Amino acid sequence: MSSISIEDLGSLKGGESVVIYGWAQEIKILKNITFIVLRDYSGTCQVTIKGNPELIEKASKLSRESVLKISGTFKKDAISKSAPEVTCSDLTLLNASATPLPVGITDPVEVDFETRFNNRVLDLRKPKNNIIFASKSKILWGIRKLMEEEGFIEVQTPKIVSSATEGGAEVFRVKYHEKDAFLNQSPQLYKEMLISAGIPKVFEVGPAFRAEEHNTNRHLNEFTSIDIEMAFSDDDKAMQMLELSVYQGLTELMDTMGKELEQYGYRIVVPKRPFPRMTYQDGIRILEENGISFNFGDDFSSEQLKIIGSKMDGFYFITGWPEKVRPFYTMQKEDDPSLTKSFDLQYKELEVTSGAQRVHNPEALIKRLKEKGLNPENFEYYISAFRYGMPPHAGWGLGLERLTQIALGIHNIRDVTLFPRDRTRVSP
RNA sequence: GCCCCGAUAGUGUAGCGGCCUAUCAUACAGGCCUGUCGAGCCUGUGACACGGGUUCAAAUCCCGUUCGGGGCGCCA
């Protein structure tokens, strides 16, 4: 007989023989009756064992979180208050769990962050935690569907590279046979090269590595970057595409999982379009109105972004960043080269996406590299892609973990990462 | 890289110089209980991160080490 998921028990009439697989979440032993709360990915049910001393004996020896196969009969008018009920006719222990559990799945005690992540698989068995990853998957699916509709090609670019991408951020060094190499901090240079390769719309979902020794609720040393690049495009078109991506991702999540998420206490944020836009100078003005003096050309500190973000409802763009704080491949404004055709997508004080129209002229690119103190020789493989007909282009990189954090209102980015890589953690 | 803070049973905590043979909850082990559902009741096992110092006396105070948390910078 084939098995049924616990969720699907609800569609039965009652009286059917069923086989269910799952984990023994709770085992309650009374004198003449034993209850097992069985959990699978879809939910929990109560397995009732009575009038069968052999089975009761067997069940009384089980440990919590052991993996079981249960054969029994589905009871429509269950006595159980909390879950669908199955009367057990046979029970097979597929794999016993050791005791005591390092992290109880249902114990009414708090667990420290470190303990949780040292025992992450058990931590992830908690529905409230594993639903985060179903959500992340849905958001990404919504964005992928949009990309498909818009004619983007999904690509995979190298993660082991010969030069640091943008000069600024720290990179991880790796041994590459007899050479030194780095883990890519962004697919930026490669996706631009693909524009020159004649692919007009590329997107990539992949890991990005940053060796910064940061210790915050919004940084990881390895995160998932959703990157796009579009030929014959500009910053404005890139922003429109970004707005649509965020909207579609969160709408997909809301439509498919909204109710379920609510049961676990997650309040989903579906943004209103269009997202408001402000310029870098607007930001400075807000700060000055709040009595903060600010030097043109500096980046906003997180404290300053909190002030700016508090004036804005939900997602908003900050456009026209100064050349000084943007990477070399960012195009300057024709009428004011101290500013760039760039943008960030913000949610309150959190930066979700960074993007821009890019430099497409090879001489201009070399000049910008030098101005940023980088050696163009190290970027020859990249610059050569610009020499033989590089279209004007624009794009962005969006942090999937940050977007998921915002969608579900989760404070710490590590909670939306299965096995986070942070300042101190490389295992599990 | 800088600045704070923390480390007590499997888990989470109380204790902050002598009343500590270390509290409580939960978990775990055993027992009682004819349907539980945060079950209940009884019994039991189980811990002061490591090294040095101060003191008649250290879980408690000081220094160092290790591990971790938060914030800043940087960014997605």
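In this text the structure is predicted, and so the values were computed from the model without any measurement. To find a chain, count down the sequence lines: A is the first, B the second, and so on, and within it residues start at 1.
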| task | Do nucleotides 2-9 of chain B as a string where each nucleotide becomes B, S or -: B if the base has a protein heavy atom under 4.0 Å, S if just the sugar-phosphate does, - if no protein is that close. | result | --------
| message | Once you measure the plane-to-plane angle for A/W321 and A/F300, does it fall in the parallel (<30°), tilted (30-60°) or perpendicular (>60°) bin? | response | perpendicular
Going by the rule salt bridge (Lys or Arg N to Asp or Glu O under 4.0 Å), which residues pair with [X] if we only count those two or more places apart in sequence or in a different chain?
X: A/R326; result: A/D344
X: A/K136; result: A/E401
X: A/E57; result: A/K61

Side chains of residues 265-273 of chain A: which donor-acceptor partners sit under 3.5 Å, not counting sequence neighbours?
residue	atom	partner	partner atom	Å
A/Y266	OH	A/K128	O	2.6
A/R273	NE	A/E243	OE2	3.3

For a quick test of reading the model: is some side-chain N or O of [X] closer than 4.0 Å to OP1 or OP2 of [N]?
X: A/S354; N: B/C75; value: no
X: A/R210; N: B/G73; value: no
X: A/S302; N: B/C72; value: yes

| query | Between residues 34-49 of chain A and RNA chain B, which residues have a heavy-atom gap below 4.0 Å? | reply | A/F35, A/Q46
| note | Ordered by number, residues from residues 418-428 of chain A within less than 4.0 Å of RNA chain B (heavy atoms) are A/T424
| remark: Sequence neighbours excluded, the answer for ring pair (Phe, Tyr, Trp, His ring centres under 6.0 Å) partners of A/Y316 is none
| note | Across all chains, not counting sequence neighbours, the ring pair (Phe, Tyr, Trp, His ring centres under 6.0 Å) partners of A/H360 are none
| Base-pairing string, 5' to 3', of RNA chain B - Watson-Crick or wobble, under 3.5 Å, | interstrand | (((((((..(((.....[.....))).(((((.......)))))....(((((..]....))))))))))))....
Measure all distances between protein nitrogen or oxygen atoms and nitrogen or oxygen atoms of nucleotides 44-49 of chain B, and list the pairs falling under 3.5 Å.
none

| remark: Considering only heavy side-chain atoms of A/R414, the closest of B/G69, B/U34, B/C37 is B/G69
| Residue A/D299, side-chain heavy atoms: nucleotide from B/G35, B/C75, B/U11 that is nearest | B/C75
What pairs of nitrogen or oxygen atoms, one from the protein and one from nucleotides 38-43 of chain B, lie under 3.5 Å apart?
residue	atom	partner	partner atom	Å
B/A39	OP2	A/K28	NZ	3.3

